[in-house]
Number of protein chains: 2
Amino acid sequence: MSAISCTPNVGRPRAFDMDTALEKALEVFWRKGYDGTSLSDLTEAMGINKPSLYAAFGNKEQLFLKAIELYESRPCSFFLPALEKPTAYQVAEHMLYGAATNMADQSHPQGCVVVQGALSCSEAAATVKEALINRRVEGEQKLRDRFERAKAEGDLPADADAETLARYLGTVLQGMAIQANNGATCDQLRLVAQMTLQAFPRA
Amino acid sequence: MSAISCTPNVGRPRAFDMDTALEKALEVFWRKGYDGTSLSDLTEAMGINKPSLYAAFGNKEQLFLKAIELYESRPCSFFLPALEKPTAYQVAEHMLYGAATNMADQSHPQGCVVVQGALSCSEAAATVKEALINRRVEGEQKLRDRFERAKAEGDLPADADAETLARYLGTVLQGMAIQANNGATCDQLRLVAQMTLQAFPRA
DNA sequence: AGATTTCTGTACTGTAAGGTAAATAACCCT
DNA sequence: AGGGTTATTTACCTTACAGTACAGAAATCT
């Protein structure tokens, strides 16, 4: 799923690549948040003019939502791959260490755009705020489902509280995003991951 | 430390109470963040006009910084009191349960303004962003100092890593702020607090 | 009372915000 | 080559933003 909208074979061809422009937009939203990002910030970073932006992406809000979609489908994303690990403990382990590596990575803004893109925000950002909350809650729901499965498969004790395990993990992951914004290094976050796992039940 | 600036005994008296106006400003910043809050939002909530705001508080940035000071000195603040508890474990316990209660409290915006007031933000908010990062880092430094003391006093093992314990706790507390924004209830956060404590060394 | 000091309300400033109209440019198809 | 279609450029629109000038109002001080 690379091209966002299929390019028609008639008319003047688009002078920019939508995917790379969207990457640039994501980076700005990630660093400045939805309210803190102006259209000038976006057009400058994307290297296009406003009418091109509006023609290609709708408006600021839709551009943000598309940037979030891109964020979650990027190859460096660690969340979904971690869910595939064979045991609940390994799921938690990979997710925590993946987050530690990813969130402190200096090759892009620190933290997680789903956490910090529109946390406290204006009424104009209400829609994107809701969208981000939904993503965070859905992420925890996926974790919970995975841990329920682990109980059924026997690699979590039958009396384990899958919901609380998922929320605990979600809390630490979201906290790591703040830590990364504070300037925490990958190594420091890995130590937090290690501590977090000490509270996690093993088979 | 109630009155922010001492009222002179000459001239027309101020028609509003600075402390309650500051409380109102804090609530708006807390809910909308620095970038998401407009001066109109502020003057409306505070019940004053712009010239009164500027005369009393300087400008938007200084008003925000004063609101943060107020936030940290409020009676319902849980951080500093928790540090006074006799053992490291009890410090962590009170801090986590205090956060669970406070951050999900429906009598004010959810979460923590120090976390969410200016996380990702515009360049105009760079100063307040730095100020908030400093507050968060200082909070963890206080925890670390407290845990070093606990090692000296023998209620933490001598080989405990005070820095990582502090960062782990800070991570969970900051994550709880996000959770509260997600709509997590006090009870749900208390379960997270309970799990967090399982990784915490006892005497 | 009058002078002095400070606050309040209204009206205003310049700038930047998000978004768009209209003309021109570049491509495909016949 | 010319028509159809789509993208780009420039210029503009309305609205909201943070911040202020100024005149009048309410207090104290002498």
Side-chain angles (χ1 to χ4, degrees), chain A residues 3-22 24-25 28-29 32-67 118 121-129, chain B residues 3-22 24-25 28-29 32-67 118 121-129:
Chain A
I4 274 79
S5 76
C6 37
T7 6
N9 49 355
V10 291
R12 177 172 176 171
R14 197 168 269 125
F16 63 95
D17 180 64
M18 282 187 72
D19 291 333
T20 55
L22 194 54
K24 293 291 186 183
V28 178
F29 280 131
K32 299 193 169 189
Y34 185 79
D35 276 333
T37 299
S38 72
L39 279 181
S40 314
D41 292 332
L42 291 167
T43 53
E44 191 182 345
M46 299 165 87
I48 62 178
N49 293 94
K50 276 190 276 186
S52 297
L53 188 156
Y54 278 86
F57 301 105
N59 60 13
K60 186 184 172 184
E61 180 177 306
Q62 291 170 48
L63 174 59
F64 181 88
L65 295 174
K66 282 173 180 138
C121 58
S122 66
E123 275 121 26
T127 303
V128 306
K129 175 183 167 181
Chain B
I4 274 79
S5 77
C6 37
T7 8
N9 50 354
V10 291
R12 179 172 175 171
R14 197 168 269 125
F16 63 95
D17 179 67
M18 282 187 73
D19 291 333
T20 55
L22 194 54
K24 293 292 186 182
V28 179
F29 280 131
K32 299 192 167 189
Y34 185 79
D35 277 334
T37 299
S38 72
L39 278 181
S40 315
D41 293 331
L42 291 167
T43 53
E44 191 182 345
M46 300 164 87
I48 62 178
N49 293 97
K50 275 189 275 186
S52 298
L53 189 155
Y54 278 86
F57 301 104
N59 60 12
K60 187 184 172 184
E61 180 177 306
Q62 292 170 47
L63 174 59
F64 181 88
L65 296 175
K66 282 171 181 143
C121 58
S122 67
E123 275 123 26
T127 303
V128 306
K129 176 181 168 184

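Naming: A, B, ... by sequence-line order, numbering from 1 per chain. Scope of the values below: all heavy atoms of this structure, side chains included, with no hydrogens, waters or symmetry mates.
At a non-hydrogen distance threshold of 4.0 Å, nothing from residues 37-44 of chain B comes into contact with DNA chain C.
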- Using a 4.0 Å heavy-atom cut-off, write out nucleotides 23-30 of chain C from 5' to 3' as B (base contacted by protein), S (sugar-phosphate only) or - (no contact). --BBBSS-
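The side-chain hydrogen bond (donor to acceptor under 3.5 Å, both in side chains) test applied to B:Thr20 returns B:Asp17, not counting sequence neighbours.
Within a 6.0 Å sphere centred on NZ of B:Lys60, heavy atoms belonging to other residues, nucleotides or ligands number more than 12.
Look at CD1 on B:Ile48: it is 18 Å from P on C:dT6, rounded to the nearest Å.
Helix bend of the helix from C:dA1-D:dT30 to C:dT30-D:dA1: the angle between its two end axes, each built from five pairs, comes to 10° after rounding to 10°.
Take the nearest nucleotide of DNA chain D for A:Asn49 and for B:Asp35: the residue whose nucleotide is more 5' is A:Asn49.
Distances from the side chain of B:Phe16 to the nucleotides C:dG9, C:dT20, C:dT8 place C:dT8 closest. Listed nucleotides D:dT8, D:dG19, C:dT20 differ in distance to A:Lys50; the shortest reach to its side chain belongs to C:dT20. With D:dA18, C:dT20, C:dT10 as the choices, the nucleotide that has an atom nearest any side-chain atom of B:Pro51 turns out to be C:dT10.
Contact annotation for B:Ala55: no contact, since no heavy-atom pair falls under 4.0 Å across all strands.
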Just distance, no hydrogens or angles: give the donor-acceptor pairs under 3.5 Å from side chains in residues 47-58 of chain A, sequence neighbours left out.
none

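The side-chain hydrogen bond (donor to acceptor under 3.5 Å, both in side chains) analysis of residues 33-48 of chain B, with sequence neighbours excluded, yields the pairs B:Lys32-B:Asp41, B:Asp35-B:Ser122, B:Ser38-B:Asp41.
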